[in-house]
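Computation of the quantities below employed the complete heavy-atom set of this structure, encompassing side-chain atoms and omitting hydrogens, waters and symmetry-equivalent molecules. Residue indices begin at 1 and follow the sequence shown.
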Amino acid sequence: MIHVTIQTRTIGAAEKLAAHLMEKHLLLFPTIDTDHEELNWEHGKLYRESQLLLQGMTKGLLYREVEQAAYALLGHDLVRIHAVPVTHLDPHAQKTLLEQTAKV
């Protein structure tokens, strides 16, 4: 199991991707964090860039499908995508994740 984080530039992009991933059973327990700013250093000054985080969980073997869908649907609105392993999960969530995500 993995926890996926996808940084987008707009709420519309995050919602569009979330709907697609959920429809395809590629993402469970999705959340959107609208209060995220990335710091950039340009021309000797610090700048903030407002972004959104779409996060959720899936099976590790489904990461490539999630990644491909994100690039295909979002284009320039996709800032970055990464995943980290989930080593512990409550039994109910684990059962839900195994039963309700796409088969691999």
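A 4.5 Å side-chain heavy-atom check between L39 and Y47 finds every atom pair outside the cut-off. You'll find the side chain of P30 stays beyond 4.5 Å of the side chain of Q55, heavy atoms only. Contact annotation: the side chain of Y71 approaches that of L78 to within less than 4.5 Å [non-hydrogen atoms, C-beta and beyond].
In this structure, the separation between CG on D33 and OG1 on T31 is 7.5 Å, given to the nearest 0.5 Å. Distance CG/L27 to CG/L17: 8.0 Å, rounded to 0.5 Å. The distance from the CG atom of L74 to the NE2 atom of H20 is 10.0 Å, given to the nearest 0.5 Å. Note that NE2 of H88 is 10.5 Å distant from CD of Q94, once rounded to the nearest 0.5 Å.
For the pair A102 and K59, the tightest heavy-atom approach, listed with the atom from each and the gap, is O-NZ, 3.0 Å. Smallest separation of non-hydrogen atoms from L26 and E65: CD2-OE1, 3.8 Å. Considering all non-hydrogen atoms of both residues, A83 and I2 come closest at CB-CD1, 3.8 Å. Nearest heavy-atom pair, A14 versus I32, reported as atom, atom and distance to 0.1 Å: CB-CD1, 4.0 Å.
Under the 4.5 Å side-chain heavy-atom criterion for ILVMFWY residues, a single connected hydrophobic cluster contains both V104 and V4. The hydrophobic cluster containing L53 does not contain L21, counting ILVMFWY residues as joined when their side-chain heavy atoms lie under 4.5 angstrom apart, directly or transitively. With hydrophobic clusters built from ILVMFWY side chains whose heavy atoms lie under 4.5 angstrom apart, Y63 shares a cluster with L54.
Clustering of Ile, Leu, Val, Met, Phe, Trp and Tyr by side-chain heavy atoms under 4.5 Å joins L89 with M1, L28, F29, M57, V86, L97.
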Can H36 and L52 be said to form a side chain to side chain contact (heavy atoms under 4.5 Å, CB included), step by step? CA-CA 6 Å; H36 180 79; L52 296 103; over 6 Å; no
Please walk me through it: do V66 and I81 pass side chain to side chain contact (heavy atoms under 4.5 Å, CB included)? CA-CA 9 Å; V66 171; I81 180 173; 4.2 Å; yes
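Few gaps surround NZ on K103; more than 12 heavy atoms of other groups in view lie less than 6.0 Å from it. Atom CG of N40 sits in a crowded spot, with more than 12 heavy atoms from other residues, nucleotides or ligands closer than 6.0 Å.
With sequence neighbours excluded, no residue satisfies salt bridge (charged side-chain N to carboxylate O under 4.0 Å, His left out) with K16.
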Less than 3.5 Å apart, which donor and acceptor atoms pair up between the side chains of residues 5-12 and the rest of the protein, not counting sequence neighbours?
residue	atom	partner	partner atom	Å
Q7	OE1	R80	NH1	3.2
Q7	NE2	E38	OE1	3.3
Q7	NE2	Q51	OE1	2.4
T8	OG1	T10	O	3.2
R9	NE	H76	O	2.9
R9	NH1	E49	OE2	2.6
T10	OG1	A13	N	3.0

